[in-house]
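Here is the structure we will look at.
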Number of protein chains: 2
Amino acid sequence: MTSDNIIVECGKCKNTDCYIKLCDSHWILLVNNKKNQIVFKKGQHIFLEGHLIFGVYFIQEGKVKVNSSNLDGKKQIVRLATDGHILGHLGSQGETYPIEAVTMEDSRICFFDNQTMHDALMANPQFTFNMMMFYSKELRKIEQRTKFFAQMTVEEKIIFALLYVASTFGISKKEKALNVIISRQDLAEIAGTNSEQISRTLTSLNQQNLIHIRGKEIIMSDYQGLKNCISRYKISLF
Amino acid sequence: MTSDNIIVECGKCKNTDCYIKLCDSHWILLVNNKKNQIVFKKGQHIFLEGHLIFGVYFIQEGKVKVNSSNLDGKKQIVRLATDGHILGHLGSQGETYPIEAVTMEDSRICFFDNQTMHDALMANPQFTFNMMMFYSKELRKIEQRTKFFAQMTVEEKIIFALLYVASTFGISKKEKALNVIISRQDLAEIAGTNSEQISRTLTSLNQQNLIHIRGKEIIMSDYQGLKNCISRYKISLF
DNA sequence: ACAAAAGTCTGCAAAAACGCAACTTTCAAA
DNA sequence: TTTGAAAGTTGCGTTTTTGCAGACTTTTGT
């Protein structure tokens, strides 16, 4: 991460994926002046379940998990997000978040209020069109996850979860290690199981040489082999 | 359904939810001239998994299931859709559908090709904005379904599936019967289980007076009671 | 009206997954 | 370096879910 104290201006932001860039140049300036950029440390909440929605968040740089909990406190990670991704959504008056967003690493987040977003969207069709396509793509992704949740065995769900993490946060080129340190509990909350099953399965995948575990790192030794394990689900995300 | 042979013009369409209506009046005419309206009989495919994407489909009137299958032929219904809803998405060159759409009743469907949609979206910010909001809302809905798939027991999943069907297709005012005749197999493909479990559970719910079964109809006798069964998941869809 | 086909229901045994408990490892603060 | 808390691992009994088999019912086509 770049230094915490310097605010990254939209006009100078190196994040090529950010949709704000699709606005007209004077709108980029205008929106930039309205935005609120915050650097969150690892493990902090960006917003909480039940909080009023005032606008949307763009990730300038960082790694974020979006989760939803039930009354027993059991959590489910519904989405992982990184550079250029959008968190939350435009809210109507009085609407509250049904989910919470938590940083998995230090992250720089840009906040834009509902009114600013609405004005920018109405004035910049290219921007709105791409925002629409973003949501549409995320919808298709999660539709595939729905199938996986409904039909996969626990081992398959865990393999899917590993591939999902790898596709979102990436793997190091040389060693194929996941670009994030992720706990057994977090993996369980992605795969929809418990941390014991994660332990058991990672040990088993390690023995099959499909992955390797080195300390807290997970190395995706045999990426193709993992994909083959779940190929019958025809998942086209990875 | 209105007569099969008469094409419903966008300008005269009684469907108040359709986003096309948000375009400028001359765009509505233009888009109407480009559209292709087809009446599908119950059980017909609107599009198939693997087919090239040429545009999007709007449901003028009808009931549709969107499902995704794996190589074993096992299916999963990922979404139910009715009047005013959108099927498919704008595709890039050479992209194919990862899902298929099948009518559950006779349905009148309007098709708009990629280019027409793109032009209309670029010229009508109100239309684009609402399309974006549609996808954003569907994303939130399915994020909640993700949690339910990950954490619920089979009985809870089946109750959720019943409430999902009721909220999408509605229930008759007097008797609270589901406004659709749905097979055990279809319910299984929504809930992510098998038809035997559906049978067992419906019998049990019937005995608990939470629902009643009359022939092919499912009567949601105790709607609130069903909601209470899954209240710990804080699902805000119904 | 009849037969075939499709759909539904129920019991039962096998398989999968869960959750507790005990134990080990890792990490960070004292 | 010690020590305690948190995270991870593993075994095992219990619970849940599955999938097959067979009976029964409804629908469909001839």
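Note: CG (A/N194) to P (D/dG11) measures 16 Å, nearest angstrom. Atom pair A/I198:CD1 and D/dG8:P shows a separation of 10 Å (rounding to whole Å applied). Residue B/I181 contributes atom CD1, which lies 10 Å from atom P of D/dT27 at whole-angstrom precision. What separates CG of B/D186 from C1' of C/dA6 is a distance of 14 Å, to the nearest Å. For the pair A/E217 CD and D/dG8 P, the computed distance is 14 Å after rounding to whole Å. Here D/dT16 presents its C1' atom at 12 Å from CD of B/E156, a figure rounded to the nearest Å. What separates CD of A/E155 from C1' of C/dC18 is a distance of 17 Å, to the nearest Å. Following rounding to the nearest Å, A/Q151 (CD) and D/dT18 (C1') show an atom-to-atom distance of 14 Å.
In this structure, of C/dA17, D/dT10, C/dT8, it is C/dA17 that holds the atom nearest to the side chain of A/Q197. Closest to the side chain of A/K216, out of C/dG7, C/dC27, C/dC18, is C/dC27. Which of D/dG8, D/dT18, C/dC18 sits closest to the side chain of A/V154 comes down to C/dC18.
Within the 4.0 angstrom heavy-atom criterion, only backbone atoms of the sugar-phosphate kind lie near A/S183; the bases stay farther away. Using a 4.0 Å heavy-atom criterion, one finds that A/T153 contacts the sugar-phosphate atoms exclusively. Using a 4.0 Å heavy-atom cutoff across all strands shown, A/S195 reaches no nucleic acid atom at all.
Between B/K74 and A/I213, the residue anchored nearer the 5' end of DNA chain D, judged by the nucleotide with its closest heavy atom, is A/I213.
Under a 3.5 Å cut-off, the side chain of B/Q76 and the backbone N or O of A/F149 do not form any donor-acceptor pair.
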Practice task
Please lay out, stage by stage, how A/L90 and B/M133 fare under the test side-chain contact (heavy atoms from CB on, under 4.5 Å).
Solution key: CA-CA 8 Å; A/L90 296 180; B/M133 292 300 269; 4.0 Å; yes
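Scanning atom types as modelled, no donor and acceptor separated by under 3.5 angstrom connect the side chain of A/R200 and the base of D/dG8. Remark: the A/E196 side chain and the C/dC20 base include a donor-acceptor N/O pair separated by less than 3.5 Å.
A cation-pi arrangement is not found for A/K35 relative to A/F112, the charged atom failing to lie both closer than 6.0 Å to the ring centre and inside a 45° cone about the ring normal. For the pair A/R108 and A/F40, the cation-pi criterion (under 6.0 Å, within 45° of the ring axis) is not fulfilled.
The shortest distance between the side-chain N/O atoms of B/S199 and the OP1/OP2 oxygens of C/dT10 is not below 4.0 Å. Look at A/T193 and you won't find any side-chain N or O under 4.0 angstrom from OP1 or OP2 of C/dA17. Between A/Q185 and D/dA7 there is no side-chain polar atom (N or O) within less than 4.0 angstrom of OP1 or OP2.
Between B/Y233 and B/F148, the ring center distance fails the sub-6.0 Å criterion.
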